[in-house]
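Below, chain A is the first sequence line, B the second, and so on; all start at residue 1.
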Number of protein chains: 2
Amino acid sequence: MHLEIDPSSPEPLFNQIAAALRTALRTNELSPGEHLPPAKLLASELKVNLHTVLRAYAILRDEGLIEVRRGRGSVVVDQNRASFRRLDEAIHQVVAEARQLGLSPDQTADRIRHAF
Amino acid sequence: MHLEIDPSSPEPLFNQIAAALRTALRTNELSPGEHLPPAKLLASELKVNLHTVLRAYAILRDEGLIEVRRGRGSVVVDQNRASFRRLDEAIHQVVAEARQLGLSPDQTADRIRHAF
DNA sequence: ACCTATTTGTCCGTATGTATG
DNA sequence: CCATACATACGGACAAATAGG
């Protein structure tokens with residue numbers, strides 16, 4: 001894979017790895033459908049612990065950028081699909097919190113427009 | 001603290017601990033401003049590893065339910081403030097993704113109303 | 001200003017479990 | 001049944017931020 005990380009940086013290694021992969025995804029160096037290297041392999045290449053890479057993968061998974069499954073490995077998600085997925089997730093969160101706070105749909109929609 | 005966890009459950013321990021604490025927060029058994037027990041102490045009480053408790057704390061922090069700081073420990077956040085904080089965060093995410101997808105404010109607001 | 005103790009954060013290593021192929 | 005790959009949990013080491021003396 002060849003990613004640039006700096007062990008002496010104050011930025012945590014798992015964040016550096018996640019950021020480097022995010023860039024690789026954005027530039028299509030890693031394309032949708034393509035497999036990321038197994039965490040164990042990437043860890044040995046970067047000379048970091050397996051958990052450090054797994055944590056970076058988990059971050060990208062939570063961001064909807066990749067799919068991570070036991071036994072199968074990690075696959076790049078179509079970026080447009082990922083974006084819609086994040087939008088739906090965020091909308092779900094907004095609705096849940098708005099309900100919790102007793103806001104009406106119109107009040108919530110207004111907040112969205114105002115935030116634009 | 002006295003939380004109920006089941007080591008034989010398929011549910012991960014850190015999720016069980018987070019869920020138990022969430023309940024304690026909801027029922028005001030843990031009140032805003034109050035300190036949670038140091039992770040090390042709670043870990044010994046529950047007979048689990050320190051990291052397992054820290055992971056549960058980190059989840060609650062990401063949910064905006066508590067504030068976790070090195071050296072200071074973890075403090076319960078006012079639930080209403082936490083709810084507004086999460087709403088603002090979710091709205092921010094929605095706007096960011098909607099912009100990414102080229103949606104207009106009105107289109108996005110409509111999606112919110114539809115999701116209600 | 002210094003030192004110490006406390007508490008969380010990161011990273012490593014190891015072991016074991018679970019899902020997939 | 002077996003190999004692969006991620007998931008959880010444990011334990012240990014050290015760092016960084018905070019609080020108190």
Side-chain angles (χ1 to χ4, degrees), chain A residues 1 3-22 24-25 30 33-77 82, chain B residues 1 3-22 24-25 30 33-77 82:
Chain A
M1 273 289 305
L3 303 177
E4 291 291 334
I5 62 171
D6 173 16
S8 72
S9 164
E11 186 68 15
L13 288 173
F14 61 83
N15 274 340
Q16 292 185 48
I17 296 170
L21 289 171
R22 230 178 268 117
L25 294 174
L30 279 169
E34 195 173 343
H35 271 70
L36 275 71
K40 191 176 176 181
L41 174 63
L42 182 54
S44 74
E45 286 180 10
L46 299 177
K47 301 190 200 311
V48 300
N49 192 273
L50 165 66
H51 298 312
T52 306
V53 174
L54 285 177
R55 191 165 174 183
Y57 281 12
I59 290 173
L60 300 179
R61 178 198 56 199
D62 292 345
E63 292 173 355
L65 294 172
I66 64 176
E67 280 183 4
V68 183
R69 301 256 181 106
R70 278 195 268 221
R72 285 205 336 185
S74 304
V75 183
V76 179
V77 170
Chain B
M1 271 291 304
L3 302 177
E4 291 291 334
I5 61 171
D6 173 18
S8 72
S9 165
E11 186 67 13
L13 288 174
F14 61 84
N15 273 340
Q16 292 185 47
I17 296 170
L21 289 170
R22 230 179 268 119
L25 294 173
L30 279 169
E34 195 173 342
H35 272 69
L36 275 70
K40 188 177 177 184
L41 175 62
L42 183 54
S44 73
E45 287 179 9
L46 299 177
K47 301 189 199 310
V48 300
N49 192 272
L50 166 65
H51 300 312
T52 305
V53 174
L54 286 176
R55 188 164 175 184
Y57 281 12
I59 291 173
L60 301 179
R61 178 199 55 201
D62 293 344
E63 293 174 355
L65 294 173
I66 64 176
E67 280 183 5
V68 183
R69 301 257 181 106
R70 274 192 250 197
R72 285 205 336 184
S74 305
V75 183
V76 179
V77 170

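The shortest distance between side-chain heavy atoms of B/Ile59 and B/Ile17 does not fall below 4.5 Å. When side chains are defined from C-beta on, A/Val77 does not count as touching A/Leu65, because their heavy atoms never get closer than 4.5 Å. Counting only heavy atoms from C-beta outward, the side chains of A/Leu25 and A/Ile66 approach each other to under 4.5 Å. With contacts defined as side-chain heavy-atom distances shorter than 4.5 Å, the pair B/Leu13/B/Asn49 does not qualify.
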Does the pair B/Met1 and B/Leu21 meet the rule for a side chain to side chain contact (heavy atoms under 4.5 Å, CB included), with working shown? CA-CA 9 Å; B/Met1 271 291 304; B/Leu21 289 170; 3.8 Å; yes
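Computed from coordinates, the A/Gln16 CD to C/dT10 P distance equals 12 Å when rounded to whole Å. Taking atom CZ of residue B/Arg72 and atom C1' of nucleotide C/dT6, one finds them 13 Å apart after rounding to whole Å. As a whole-Å value, the separation of B/Asp6 CG from D/dT8 P is 16 Å. Rounded to whole Å, the distance from CD1 on B/Ile59 to P on D/dT8 is 9 Å. Atom CD1 of B/Ile5 is separated from atom C1' of D/dC10 by 14 Å (rounded to the nearest Å). Between the P atom of D/dA7 and the CG atom of A/Asn49 lies a distance of 14 Å, rounded to the nearest Å. Note: CD1 (B/Ile17) to P (D/dT8) measures 13 Å, nearest angstrom. A/Leu54 places its CG atom 14 Å from the C1' atom of C/dG13, with the value rounded to the nearest Å.
Among the nucleotides D/dT8, C/dT10, C/dT8, the one closest to the side chain of A/Pro12 is C/dT10. With distances taken from any side-chain atom of A/Tyr57 to the nucleotides C/dT7, D/dC6, C/dG9, the minimum falls on D/dC6. When distances are taken from the side chain of B/Leu50 to each of C/dT18, C/dT10, C/dT8, the shortest belongs to C/dT8. In this structure, the nucleotide among D/dA9, D/dA15, D/dA7 sitting nearest to the side chain of B/Arg70 is D/dA15. For A/Val68, the listed nucleotide lying nearest its side chain is D/dA7; candidates were C/dC12, C/dT8, D/dA7.
Side-chain N/O atoms of A/Thr52 include one lying less than 4.0 angstrom from OP1 or OP2 on C/dC12. Distances shorter than 4.0 Å separate some side-chain N or O of B/Ser74 from OP1 or OP2 on C/dT8. Look at B/Arg55 and you'll find a side-chain N or O under 4.0 angstrom from OP1 or OP2 of D/dT8.
Of the two residues near DNA chain C, B/Ala58 and A/Arg69, the one whose nearest nucleotide lies more 5' is B/Ala58.
Judged by distance alone, with hydrogens and angles left aside, A/His51 brings a side-chain donor or acceptor within reach of the base of C/dT14, the pair sitting under 3.5 Å.
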